[in-house]
Each structure stands twice: as C-alpha cells, then as structure tokens.
**Q** 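Below: one structure in structure tokens.
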2 protein chains.
Amino acid sequence: MDHLDEKACKSAGMAVRDTLDTINGKWKLLILLTLFKGGKRRFRELSKEINISPRVLSRELQELEMNKLVSRTVSDTRPVTIEYNITPYCQTLGPVLRAMKEWGEQHRVEILGKKSV
Amino acid sequence: MDHLDEKACKSAGMAVRDTLDTINGKWKLLILLTLFKGGKRRFRELSKEINISPRVLSRELQELEMNKLVSRTVSDTRPVTIEYNITPYCQTLGPVLRAMKEWGEQHRVEILGKKSV
DNA sequence: GTAAACAGTTACAAAAAGGATACTGCTATG
DNA sequence: CATAGCAGTATCCTTTTTGTAACTGTTTAC
C-alpha cells in the first residue's frame with residue numbers, strides 16, 4: 001500500500017472488500033479447501049463430511065458458484081447425480097490465500113509469541 | 001496452493017482464517033484506510049468522518065489495537081487528547097491487501113465483464 | 001407399495017453483528 | 001454555575017447470519 005490518493009484508496013478498498021466478501025463467512029473457505037484436497041463431491045457427501053446443514057450448504061454453494069469458484073455438474077445417471085468441484089478459475093485465488101496464510105502464521109507468532117513487550 | 005496434505009491443509013486454513021478474522025467486519029478496513037491516508041485521528045473525528053456510532057467504533061478500535069494494527073496514544077494536554085493511528089506493524093498487511101486488491105479487481109472484470117459465456 | 005436415498009427447499013429459532021441514543025466523568029469556557 | 005466538548009460506556013433495538021427440523025419430488029431396491 002503506497003502513495004494512494006483519495007480516489008485510488010477508495011477503489012482499492014472496494015476491490016479488497018469484494019475479495020473479502022467472496023471468501024467470507026463461516027463455511028466458504030472450508031468448502032473450498034475440502035474440495036481442493038479431496039476432489040469433487042456430491043451434496044450429501046459434503047454435508048456429512050463438514051457437518052453443515054443442507055440449507056446453509058445450499059446457499060454457500062450457490063454463492064461460490066456465482067463467483068465461479070465452484071462448479072456444479074449434473075450427470076444423467078439414474079437417478080441423476082450432481083457433483084461439486086473447484087474450478088480452474090479458483091486457482092487464481094492462490095496468491096491471495098498464500099499471502100493470507102503467511103500473514104496469519106507470522107501474526108500468530110507476533111501476538112502469542114511475544115508476551116513480554 | 002499446492003501439494004497440501006491433510007494436516008498442512010488444516011493449519012493453512014487456520015492461518016487464513018486468522019487473517020480473515022482480523023480484517024473482517026464492516027468497519028476494520030475502512031478505519032485502517034482512513035488512518036492510512038489521513039494520519040492520526042481522535043475518537044470523535046473518526047466517528048464523524050466515517051459515520052460510525054461510538055459504541056461500534058470503540059469495539060473495532062479495541063480489536064485493531066489488540067492485533068497491533070492501530071495504536072492509541074494519550075497526550076497529557078488539558079484535557080487529555082487521545083489519538084489513534086496505524087502502527088508500523090500494520091505495514092506487514094501490505095502484501096495481503098495488495099493481493100486482495102488485485103484479485104478483487106480482476107474478479108470484477110471476470111464476473112461483470114463477461115456476460116456472454 | 002413401502003422404505004430409503006438423493007438434492008435440495010421451506011418455515012422457524014437462535015445467535016451474532018451492527019445501530020441509535022442517552023449517559024458517565026472530566027475539563028474548559030462564558 | 002450552565003453549557004459544551006471529549007472519550008468513551010450502557011441500554012435497548014434491528015438486521016444479518018447461522019442453525020434445526022421437517023418436507024418436496026424423484027427414483028431405486030425390497
């Protein structure tokens with residue numbers, strides 16, 4: 001963050017806020033990481049695995065899908081099966097998550113590891 | 001994000017969540033940016049400038065202070081004046097905010113700029 | 001044809017976040 | 001001594017988020 005005038009600052013704020021909003025909430029990150037590490041899942045599977053009620057899961061998946069971070073594919077087996085997965089686009093979040101992970105780690109040390117200041 | 005096993009994934013998730021929690025909420029980012037661009041402020045000044053109720057502002061500032069992102073200094077003028085400012089440590093958030101700003105900007109294009117898919 | 005699984009939705013309840021307003025204790029100014 | 005400003009806190013209220021549980025409609029297996 002450097003040399004930002006009034007306008008640049010406000011628009012930067014909006015962009016940051018957009019990012020914040022798309023990965024925010026109690027579940028979004030967990031859903032993404034779960035799909036990331038274990039691959040595609042069906043609705044019930046996810047629901048049981050991370051212990052989230054269907055109502056909430058449904059909403060979260062819809063939002064993630066709107067943001068193109070998660071794909072929903074219907075296979076016409078009988079009965080139809082529906083699978084959720086992370087999208088290739090989701091990879092673009094990599095730098096953001098990496099930066100957040102690193103800061104979070106060092107911050108934990110900063111806060112907890114230095115009681116004597 | 002690559003080659004993360006179960007454990008690494010979980011701890012990365014925690015670190016990301018920590019970061020998320022410290023800058024989350026309706027006001028934290030705005031407060032930081034306001035102090036960043038305009039320098040130190042007093043309680044009432046902030047309250048009026050960004051139009052936040054004292055109750056909420058008080059809580060937010062306390063949380064930011066606990067996370068060492070904002071400093072609170074008491075000058076013993078008469079009457080005492082208290083000034084809030086961002087800390088040098090707050091600069092460490094730079095990479096995170098930059099990454100989020102960039103993703104937010106490109107994401108807006110991705111979502112709004114391509115209606116015909 | 002009854003039960004059970006799937007992918008959700010609906011209606012309702014609880015909890016968390018945010019907001020409005022009045023108030024405290026202090027000092028200074030008229 | 002009344003008024004006003006400062007830095008908050010206390011009380012009450014509204015909105016948003018999250019959770020619980022029951023229910024759709026479809027299909028398959030018994």
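In what follows, chains carry the letters A, B, and so on, assigned in the order in which the sequence lines appear, proteins first and then strands, with residues in each chain numbered from 1. When reading the values below, keep in mind they use all heavy atoms of this one structure, side chains included, and skip hydrogens, waters and symmetry mates.
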**Q** Go through B:Arg41 and B:Glu83 one step at a time and tell me if the salt bridge (charged side-chain N to carboxylate O under 4.0 Å, His left out) criterion holds.
**A** CA-CA 5 Å; B:Arg41 295 282 204 310; B:Glu83 294 183 317; over 6 Å; no

**Q** Is there a side-chain contact between B:Lys26 and the phosphate of C:dG19, meaning an N or O under 4.0 Å from OP1 or OP2?
**A** yes

**Q** Specify the separation, in whole Å, of atom CG of B:Asp76 and atom P of C:dC26.
**A** 17 Å

**Q** Could you check how far CG of A:Asn24 sits from P of C:dA17, rounded to whole Å?
**A** 11 Å

**Q** Which of residues 52-61 of chain B sit near DNA chain D, with a heavy atom under 4.0 Å from it?
**A** B:Pro54, B:Arg55, B:Ser58

**Q** Rounded to the nearest Å, what distance is computed from the CG atom of residue B:Leu30 to the P atom of nucleotide C:dA17?
**A** 19 Å

**Q** What is the distance from CG of A:Asp21 to P of C:dA17, rounded to the nearest Å?
**A** 15 Å

**Q** Tell me which of B:Lys48 and B:Gln62 sits closer to the 5' end of DNA chain D, going by the nucleotide each one is nearest to.
**A** B:Lys48

**Q** Please determine whether a side-chain nitrogen of the Lys or Arg among A:Glu60 and A:Lys28 lies less than 4.0 Å from a carboxylate oxygen of the Asp or Glu.
**A** yes

**Q** Heavy atoms under 4.0 Å, any strand shown: does B:Arg44 hit a base, just sugar-phosphate, or nothing?
**A** base

**Q** Show, in sequence, the C-alpha distance, side-chain angles and deciding distance for A:His107 and B:Asn67, and conclude whether the side chain to side chain donor-acceptor pair (under 3.5 Å) test is met.
**A** CA-CA 8 Å; A:His107 185 58; B:Asn67 281 311; 2.9 Å; yes

**Q** Measure from CZ on B:Phe43 to P on C:dC26 and round the result to the nearest Å.
**A** 18 Å

**Q** Consider side chain to side chain donor-acceptor pair (under 3.5 Å). Of B:Thr19, B:Asp18, B:Thr92, which one does A:Trp103 pass it with?
**A** B:Thr92

**Q** Would you mind reading off the distance between B:Arg72 atom CZ and D:dG8 atom C1', rounded to a whole angstrom?
**A** 9 Å

**Q** With distance as the sole test, does B:Ser47 use its side chain to make a donor-acceptor pair with the main-chain N or O of B:Phe43 at under 3.5 Å?
**A** no

**Q** Rounded off to whole Å, could you give me the CG-to-P distance for the A:Leu46 and C:dC6 pair?
**A** 13 Å

**Q** To the nearest Å, give me how far apart CG (B:Asn51) and P (C:dG18) are.
**A** 15 Å

**Q** Check whether any side-chain N or O of A:Glu45 sits under 3.5 Å from a backbone N or O of A:Arg42 as a donor-acceptor pair, and report yes or no.
**A** yes

**Q** Can you name the one residue among A:Leu64, A:Ile86, A:Asn85 that meets side-chain contact (heavy atoms from CB on, under 4.5 Å) with A:Ser71?
**A** A:Asn85

**Q** Would you mind telling me which residue lines up with the more 5' stretch of DNA chain D, A:Val80 or A:Trp27, judged by nearest nucleotide?
**A** A:Trp27

